[in-house]
Amino acid sequence: MTFDVSAVRALYPALADGHAYLDGAAGTQVPVSVIDAIADAYRAGIGNLGGAFAASRRSDLIVSQARAAVADLVGGTADGVVFGPSATALAYRMSEALSRQWTTDDEIVVSRLDHDSNIRPWIQAAGRVGALVRWAEIDPATGELPAKQYAELVGPRTRLVAVTAASNAIGTRPDVASIAGYAHAVGALCYVDGVHATPHVPVDIAALGADFYATSAYKWSGPHVAAVVADPALLETVWPDKLAPSSNAVPWRFERGTLPFADLAGVTAAVDHLAGLGTLGAADALAGATRRERILASMAAVEAHEAALFARLLDGIAKLGDVTVYGRAARRAPTAFFNVGAIDPEAVAEHLSAHGVNVWHGDNYAYELCQVLGLQSEGAVRAGIVHYNDDSDVDRLLSGVAEMAGG
Ligand SMILES: Cc1ncc(COP(=O)(O)O)c(C=O)c1O
């Protein structure tokens with residue numbers, strides 16, 4: 001499969017401002033197809049769902065197409081796709097609903113590697129019912145989250161294991177399939193935060209063993225909409241707080257109030273954009289393939305493209321003077337978390353911004369991880385590669401850092 005990064009970049013109007021957008025881990029830019037899909041939905045006229053007129057039927061179609069698209073992206077079932085405003089909001093929603101079934105005899109397991117949105121909602125839900133919280137620890141030297149520790153952490157009382165598919169700070173991709181295996185062996189559920197992983201790798205929630213898989217479209221070239229994907233049969237066993245007249249059906253009963261219809265048209269366009277990346281600018285080697293097959297092939301091409309850029313970034317940074325890179329896990333998303341000497345990460349980000357390089361600074365809500373790494377809320381600088389980045393983005397980052405680090 002090919003990957004034509006110039007052709008990809010031409011699809012993104014925002015990249016024309018000339019900045020090196022290495023802030024994708026906090027949210028990507030959107031291609032023109034997504035912008036058009038959202039604008040076209042509004043232009044065509046959309047109504048609320050379930051009406052007897054054409055504009056309402058257009059919204060019905062937009063929602064069902066978006067569920068099918070997200071299901072294709074992660075290998076799920078359309079009827080198991082629950083939409084919400086953000087992964088954080090959905091984690092709270094799901095933790096509130098699932099914890100109704102927990103008691104003081106129960107336990108949950110969270111990890112220090114996770115973004116706080118896959119930690120705090122579970123701790124707070126456990127606290128309300130008096131369930132015990134156990135912690136999976138990282139190895140601070142490597143940034144790995146060893147799966148073997150779950151053999152001790154998980155037991156007959158465990159109801160839920162929450163774990164990330166990739167750290168949004170240091171990139172570590174833990175062995176989720178093994179961790180989920182420990183959970184399933186005792187009848188517990190595994191809630192996987194796929195927000196950082198989804199833009200970088202082919203995702204198969206069955207292979208991961210994810211009972212719930214959270215993803216946010218704004219991390220993969222879509223609008224600010226999130227989804228949790230689960231088996232509809234599992235969702236049937238869970239009851240959230242809901243309004244009396246709203247649908248009791250799955251997945252509708254988990255969706256509070258009116259969905260953002262135009263944005264959901266953008267979600268479908270974003271999935272189609274990802275599905276097309278592997279054949280862009282080349283003869284269509286996948287003619288006749290399903291969208292799911294195209295996604296798997298395209299995301300494999302994305303993974304290879306990003307891995308080459310990440311290697312360039314890590315090699316370049318290793319040659320600089322006083323730079324500390326956090327985490328060196330064997331399997332990593334292409335996200336670098338580093339400090340330059342003792343310089344405040346915000347000052348580094350400001351310096352890079354003056355060079356037209358967008359990076360994040362701080363703990364990036366990897367709050368527990370930053371405590372373990374001794375970084376606290378000042379955190380570090382985060383440069384995240386996504387599929388529209390190229391060599392020149394990385395080289396500009398390296399020259400900007402070199403000015404501060406020496407070497
Ligand atoms: C790994 C990870 N999980 C969860 C979130 C929270 O996502 P949302 O902004 O959709 O709540 C983020 C956002 O940065 C993230 O990177």
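All ligand and atom numbering here is 1-based and tracks the order in the structure.
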The atoms of ligand 1 lying under 4.0 Å from a heavy atom of Ser216, numbered in the order shown, are 7 (O), 8 (P), 10 (O)
The side chain to side chain contact (heavy atoms under 4.5 Å, CB included) partner of Val229 among Asp211, Val81, Val203 is Val81
Q. With a 4.0 Å cut-off on heavy atoms, does His224 reach ligand 1?
A. no
Is it true that the side chains of Tyr213 and Thr198 contain a donor and an acceptor less than 3.5 Å apart? yes
Notebook entry, point to check: Is the closest heavy atom of Ala26 to ligand 1 under 4.0 Å?
Noted result: no
Notebook entry, point to check: Would you say Thr164 has any N or O atom under 3.5 Å from an N or O of ligand 1, going by distance alone?
Noted result: no
Short N-O contact, Arg332 and Glu306, less than 4.0 angstrom
no
Taken to the nearest 0.5 Å, the spacing of Tyr150 OH from Ser111 OG works out to 5.0 Å
Quick one: does Tyr218 get within less than 4.0 Å of ligand 1, heavy atoms only? yes
of all protein heavy atoms, closest to atom 1 (C) of ligand 1 is Asp193 OD2, 3.5 Å
The closest protein heavy-atom partner of atom 15 (C) of ligand 1 is His115 CD2, 3.3 Å
Stepwise side-chain hydrogen bond (donor to acceptor under 3.5 Å, both in side chains) check, Thr77 with Asp79: CA-CA 5 Å; Thr77 310; Asp79 286 345; over 6 Å; no
His196 heavy atoms within 4.0 Å reach ligand 1 at atoms 1 (C)
Counting heavy atoms under 4.0 Å, the part of Thr88 that contacts ligand 1 is both
The closest protein heavy-atom partner of atom 14 (O) of ligand 1 is Lys219 NZ, 2.6 Å
Lys/Arg N to Asp/Glu carboxylate O, Asp175 vs Arg331, below 4.0 Å:
no
Atoms of ligand 1 under 4.0 Å from any heavy atom of Ser86, numbered from 1 in the order shown, are 8 (P), 10 (O), 11 (O)
With heavy atoms and a 4.0 Å threshold, my read on which part of Ala87 contacts ligand 1 is both
Residue, atom and distance of the protein heavy atom nearest atom 16 (O) of ligand 1 read Asn168 CB, 3.2 Å
Logged contact type for Ser117 with ligand 1, heavy-atom cut-off 4.0 Å, is side chain
Exercise for the section: Answer yes or no on whether Arg67 is positioned over the face of Trp252, meaning its NZ or CZ is under 6.0 Å from the six-membered ring centre and within 45° of the axis. Expected result: yes
Practice task
Using the side-chain hydrogen bond (donor to acceptor under 3.5 Å, both in side chains) rule, take Thr28 and Tyr388 through it: C-alpha gap first, then chi angles, then the decisive distance, then the call.
Solution key: CA-CA 9 Å; Thr28 44; Tyr388 53 66; 5.1 Å; no
- Take Ser399 and His355 through the side-chain hydrogen bond (donor to acceptor under 3.5 Å, both in side chains) test and state the conclusion after the steps. CA-CA 9 Å; Ser399 66; His355 285 65; over 6 Å; no
